[in-house]
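To start, the structure itself, in structure tokens.
Per chain, numbering begins at 1; letters A, B, ... match sequence-line order. Quantities reported herein were computed from a predicted structural model and do not represent experimental measurements.
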There are 2 protein chains.
Amino acid sequence: MSADLTRNQALVMKTLSGAEAPLSAYTILDRLRGDGLRAPLQVYRALEKLTELGLVHRLESLNAFVACAHPNCHEQELIAFAICEDCGKVEEFSDDVVKDRLDGWTRSHGFRPAKTTIEIRGNCGGCAGKA
Amino acid sequence: MSADLTRNQALVMKTLSGAEAPLSAYTILDRLRGDGLRAPLQVYRALEKLTELGLVHRLESLNAFVACAHPNCHEQELIAFAICEDCGKVEEFSDDVVKDRLDGWTRSHGFRPAKTTIEIRGNCGGCAGKA
DNA sequence: GACACAAATGTTATGATATTACACATCCTT
DNA sequence: AAGGATGTGTAATATCATAACATTTGTGTC
Ligand SMILES: [Zn+2]
Ligand SMILES: [Zn+2]
Ligand SMILES: [Zn+2]
Ligand SMILES: [Zn+2]
């Protein structure tokens with residue numbers, strides 16, 4: 001189960017869970033120096049494992065990481081992210097129609113998909129109003 | 001028009017157009033040292049302009065750049081990329097249904113989208129067969 | 001417990017990607 | 001010619017990520 005994380009994994013997970021916005025690996029490292037972490041690799045290794053477990057997602061367009069918003073987000077399904085460039089808030093959603101359309105394209109083109117990234121950058125409702 | 005590129009912009013554009021796979025900014029720089037380019041910024045500035053013009057796309061999941069496959073790819077439309085992790089080939093396509101679904105989500109959530117990234121990593125038909 | 005194996009850790013160094021700051025040149029409009 | 005917008009050259013620095021190696025910890029088997 002996801003309960004038996006190692007010390008470093010748990011530290012990184014706690015940091016991401018408590019964050020209001022995506023964090024870079026180095027930001028995580030800085031927040032964990034007080035807990036004894038010293039090298040980027042300690043964070044990257046934990047992130048790799050947490051991502052495998054589906055507890056953390058990497059945002060490619062940000063080079064940053066975010067805790068999964070769902071209780072048990074299965075890796076299988078296609079996840080889309082809406083990322084606010086002002087406040088950093090990330091919303092995570094999935095859409096079967098989008099998944100079907102992309103699956104249709106890959107199937108008809110003989111493309112074998114491994115991982116799909118959908119990231120919408122912009123402004124969330126709160127921040128768009130303020131503009 | 002797109003014809004009056006500056007020297008550096010034209011050099012970068014030519015390099016990307018002739019490439020078989022996406023190139024990183026530093027790879028472009030290395031290929032253009034013979035033409036007098038010396039600093040990363042010369043490449044990044046050209047890439048920024050070319051991206052604005054819609055002649056080049058940035059692949060977020062690769063931190064790399066690719067020449068637009070379409071004659072006149074308007075920035076407006078939503079573009080998806082299928083990227084082969086073996087041979088590097090990139091196919092560019094768009095899908096109105098996907099666009100509508102994502103637009104629907106953002107509209108209903110008050111999210112104002114600025115830029116959307118869709119990247120499918122995997123293996124192209126040619127490479128998937130060889131596996 | 002002793003052993004063997006897999007997984008995780010600690011540490012140093014290095015590689016790869018991207019931007020800031022500043023001085024100068026070029027082009028275009030008035 | 002003056003002014004502004006855009007592009008250029010250069011050095012320095014910031015940010016993101018991995019390689020290599022030695023060591024430790026957890027886990028299952030005997
Ligand atoms: Zn999730
Ligand atoms: Zn916001
Ligand atoms: Zn295009
Ligand atoms: Zn291929």
Side-chain angles (χ1 to χ4, degrees), chain A residues 1-16 19 21-66 83 85 88 115 117 119 121, chain B residues 1-16 19 21-66 83 85 88 115 117 119 121:
Chain A
M1 274 303 291
S2 61
D4 51 2
L5 297 176
T6 66
R7 170 180 155 83
N8 287 359
Q9 288 160 13
L11 285 170
V12 169
M13 191 66 218
K14 197 180 91 189
T15 304
L16 278 178
L23 300 179
S24 76
Y26 277 74
T27 302
I28 295 169
L29 175 58
D30 285 342
R31 296 196 183 178
L32 290 175
R33 289 202 190 273
D35 294 282
L37 266 65
R38 302 171 167 283
L41 212 47
Q42 295 176 293
V43 173
Y44 278 108
R45 285 197 279 226
L47 286 169
E48 182 182 18
K49 193 66 180 177
L50 292 169
T51 302
E52 271 176 37
L53 295 171
L55 298 173
V56 163
H57 302 295
R58 176 186 168 86
L59 300 176
E60 301 288 353
S61 68
L62 248 44
N63 293 334
F65 302 84
V66 68
I83 306 164
E85 296 184 320
K115 174 158 193 268
T117 298
E119 298 179 13
R121 306 273 299 267
Chain B
M1 275 303 293
S2 62
D4 50 1
L5 297 176
T6 66
R7 171 182 153 82
N8 287 0
Q9 289 161 14
L11 285 169
V12 169
M13 190 66 219
K14 196 180 93 189
T15 305
L16 278 177
L23 301 179
S24 76
Y26 278 75
T27 303
I28 295 170
L29 174 57
D30 285 342
R31 296 196 182 177
L32 289 175
R33 290 203 190 272
D35 295 283
L37 267 65
R38 301 170 168 285
L41 208 48
Q42 296 176 293
V43 173
Y44 279 108
R45 287 196 278 223
L47 287 170
E48 183 182 18
K49 192 64 179 180
L50 293 169
T51 302
E52 271 176 36
L53 295 172
L55 298 173
V56 162
H57 301 296
R58 176 187 169 88
L59 300 176
E60 300 288 354
S61 68
L62 247 45
N63 292 333
F65 301 84
V66 69
I83 305 164
E85 295 183 321
K115 175 160 193 269
T117 298
E119 297 179 14
R121 306 273 300 265

Measure [atom1]/[X] against [atom2]/[N] and give the value in whole Å, please.
{"X": "B:E60", "N": "D:dC16", "atom1": "CD", "atom2": "C1'", "result": "14 Å"}
{"X": "B:L5", "N": "D:dT6", "atom1": "CG", "atom2": "P", "result": "16 Å"}
{"X": "B:E48", "N": "D:dG7", "atom1": "CD", "atom2": "C1'", "result": "12 Å"}
{"X": "B:L62", "N": "D:dC16", "atom1": "CG", "atom2": "P", "result": "18 Å"}
{"X": "B:L47", "N": "C:dT17", "atom1": "CG", "atom2": "P", "result": "13 Å"}
{"X": "A:Y44", "N": "C:dG15", "atom1": "OH", "atom2": "C1'", "result": "12 Å"}
{"X": "A:D4", "N": "C:dA8", "atom1": "CG", "atom2": "C1'", "result": "13 Å"}

Is there a side-chain polar atom (N or O) of [X] under 4.0 Å from OP1 or OP2 of [N]?
{"X": "A:N63", "N": "D:dA17", "result": "yes"}
{"X": "B:K49", "N": "D:dT6", "result": "no"}
{"X": "A:R58", "N": "D:dA17", "result": "yes"}

Any heavy-atom pair between the side chains of B:K14 and B:Q9 that's under 4.5 Å? no
A:V12 pairs by side-chain contact (heavy atoms from CB on, under 4.5 Å) with which of A:T6, A:I28, A:L55?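 Going through the options one by one, the only one that passes is A:I28.
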Only one of B:I83, B:L59, B:L23 clears side-chain contact (heavy atoms from CB on, under 4.5 Å) with B:V66; which?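 Answer after filtering B:I83, B:L59, B:L23: B:L59.
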Would you call B:E48-B:R58 a salt bridge at under 4.0 Å N-O?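 Salt bridge flag = no for B:R58 with B:E48.
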Using only heavy-atom distances, determine whether the side chains of A:S61 and A:R121 contain a donor-acceptor pair under 3.5 Å. yes
Which parts of nucleotides 8-15 of chain D does protein reach within less than 4.0 Å, heavy atoms only, written one letter per nucleotide 5' to 3' as B for base, S for sugar-phosphate only and - for none? BBB-----
Can you see which heavy atom on A:P22 is nearest to which on A:G88, and at what distance?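 Minimum heavy-atom separation between A:P22 and A:G88: CD-O, 3.1 Å.
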